[in-house]
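Single-structure report; data block below.
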Amino acid sequence: MQIFNKNIALREFLATVKTNNSTIGFVPTMGALHDGHLALMKQSLLENDFTVVSIFVNPTQFNNPEDLAKYPRTLEADVKKMSALNDNIIVFAPTVEDIYEGKTTSQSFDYDGLEHQMEGQFRPGHFDGVGTIVKRLFDIVSPTRAYFGEKDFQQLQIVKKLVAKYHIPVEIVGCPIHREPSGLAMSSRNERLSSNERKEAAIIYAILKEAKERFQTQEADLVEDWVKKEFKKHPLFELEYFVIADESTLLPITFREKSKNYRAFIAVFVNNIRLIDTITLN
């Protein structure tokens with residue numbers, strides 16, 4: 001398995017193996033890999049001649065220093081998982097210095113308002129950090145296709161907007177959420193949960209599924225009120241937000257339109273560990 005720590009070395013290697021007709025699939029991750037990440041890699045391996053996976057905990061997208069410090073870093077285990085999947089995966093595991101060259105700051109981006117909703121409200125500067133690292137990685141890897149999970153649906157929409165506004169020649173592929181047997185959306189942060197917290201966190205998806213059922217016959221504000229009341233019954237959890245929004249604009253629903261697709265978004269704290277999830281409502 002080829003592992004690169006410096007962007008120059010990765011560029012040089014890709015230049016030697018890529019031909020005019022070959023394709024590069026790219027899976028950007030922050031490591032602590034789970035089956036959801038591996039599913040993205042499997043799809044890339046099927047659809048491309050080469051697959052590059054980055055493992056980089058990006059400091060500029062964390063507005064909470066404690067969250068950055070505690071984010072799991074498991075490079076050795078991650079490499080073993082990828083090697084077991086396919087030895088031909090090309091791994092890019094750079095340092096902060098290699099990526100930011102001494103200037104660990106974000107660029108500012110305008111995503112036509114997508115950045116002001118949900119995560120943008122509660123994590124100031126987060127999507128500037130996301131745009132900065134994604135744009136930098138695209139510049140280094142020059143992928144044909146890049147794969148993102150739909151659990152971070154707002155991020156997926158923002159990356160699509162970034163690519164469109166900056167005319168970056170890459171196809172963005174959104175992939176379905178992978179869930180644990182309990183229904184809990186797979187996340188690297190799940191590793192920080194105790195066994196009991198992990199078990200109890202299944203309630204998040206259970207409530208989302210019930211909210212979807214209710215949305216078929218109830219107005220959005222009634223569904224939102226029901227979700228808030230449900231979480232008050234579970235003192236282990238602190239609901240940060242539950243929003244029903246238009247999938248394309250991410251704007252909260254005002255009144256239902258048959259021509260639009262709607263999605264529910266949720267963020268919940270479990271003992272200071274922040275979990276997000278989403279479900280389509282149509």
Side-chain angles (χ1 to χ4, degrees), residues 7 25-33 36-37 40 52-73 92-96 98-101 103-143 145-175 177 185-189 240-241 243 245 247-251 263 265-267 274-278:
N7 75 79
F26 179 45
V27 182
T29 84
M30 293 204 296
L33 301 180
H37 293 121
L40 301 181
V52 178
V53 176
S54 65
I55 295 180
F56 179 67
V57 181
N58 176 38
T60 64
Q61 70 190 69
F62 286 81
N63 61 308
N64 183 341
E66 183 180 353
D67 193 23
L68 172 60
K70 290 184 176 180
Y71 199 89
R73 293 162 171 84
F92 181 43
T95 62
V96 173
D98 184 74
I99 291 293
Y100 286 101
E101 299 175 342
K103 298 178 182 178
T104 313
T105 55
S106 296
Q107 292 177 250
S108 294
F109 293 90
D110 177 2
Y111 303 106
D112 295 342
L114 295 176
E115 71 274 28
H116 300 313
Q117 308 306 318
M118 290 150 332
E119 294 294 285
Q121 291 182 22
F122 291 92
R123 303 179 69 184
H126 172 66
F127 288 121
D128 282 339
V130 168
T132 299
I133 188 58
V134 168
K135 190 168 179 290
R136 175 71 169 139
L137 289 170
F138 284 171
D139 181 54
I140 294 167
V141 178
S142 297
R145 302 177 185 90
Y147 298 80
F148 294 82
E150 289 186 348
K151 179 176 73 71
D152 298 283
F153 190 86
Q154 184 175 10
Q155 174 179 274
L156 173 63
Q157 296 295 75
I158 275 176
V159 170
K160 288 179 178 178
K161 181 69 69 173
L162 175 78
V163 165
K165 294 195 79 166
Y166 282 84
H167 308 289
I168 302 171
V170 57
E171 177 188 349
I172 303 302
V173 182
C175 301
I177 299 171
M186 289 186 178
S187 169
S188 300
R189 287 185 171 87
E240 186 171 59
Y241 66 74
V243 176
E247 278 197 354
S248 59
T249 66
L250 303 181
L251 290 171
R263 180 173 284 268
F265 299 84
I266 196 167
R274 190 173 185 272
L275 304 176
I276 65 170
D277 204 344
T278 181

Arg73 side chain to Tyr71 backbone, donor-acceptor under 3.5 Å: yes
side-chain hydrogen bond (donor to acceptor under 3.5 Å, both in side chains) involving Gln157 - partner list, sequence neighbours excluded: none
Thr132 and Tyr100 side chains, donor-acceptor separation under 3.5 Å: no
Pair Asp277-Lys151, salt bridge (charged side-chain N to carboxylate O under 4.0 Å, His left out): steps then yes or no: CA-CA 6 Å; Asp277 204 344; Lys151 179 176 73 71; over 6 Å; no
From CA spacing to verdict: ring-ring contact (aromatic ring centres under 6.0 Å, His included), Phe56, Phe92: CA-CA 8 Å; Phe56 179 67; Phe92 181 43; 8.2 Å; no
Phe109-Tyr166 aromatic ring centre distance below 6.0 Å: yes
Short side-chain to backbone donor-acceptor contact, Asn58 and Val130, under 3.5 Å: no
Taking every non-hydrogen atom, the tightest pair across Thr105 and Thr60: C-CG2, 4.0 Å
Shortest non-hydrogen separation from Ala146 to Val170 and the atoms involved: N-CG2, 3.8 Å
Worked check of side-chain contact (heavy atoms from CB on, under 4.5 Å) between Arg263 and Glu150: CA-CA 11 Å; Arg263 180 173 284 268; Glu150 289 186 348; 4.2 Å; yes
Backbone N/O of Gly120 and side chain of His126: donor-acceptor pair under 3.5 Å: no
Arg136/Glu101 salt bridge by N-O under 4.0 Å criterion: yes
Output field: ring centroids Phe122/Tyr241 closer than 6.0 Å: yes
Spacing of Ile276 atom CD1 and Arg189 atom CZ [to the nearest 0.5 Å]: 8.0 Å
Heavy-atom side-chain proximity of Val53 to Phe26 below 4.5 angstrom: no
Results of side-chain contact (heavy atoms from CB on, under 4.5 Å) for Ser248 - residues two or more places apart only: Asp246
Side-chain (Lys165) to main-chain (Asp110) donor-acceptor, under 3.5 angstrom: yes
Thr29 side chain to Ser54 backbone, donor-acceptor under 3.5 Å: yes
Identified side-chain contact (heavy atoms from CB on, under 4.5 Å) partner of Val27 from the options Leu40, Val52, Leu33: Leu40
Flag, side chain of Gln154 to backbone of Glu119, donor-acceptor distance under 3.5 Å: yes
Polar side-chain atom of Ser188 near backbone of Ala32 as donor-acceptor pair, under 3.5 Å: yes
Exam field: side chain Glu66 to backbone Asn64, donor-acceptor pair closer than 3.5 Å: no
Heavy-atom donor-acceptor pair, Glu115 side chain to Asp128 backbone, under 3.5 Å: no
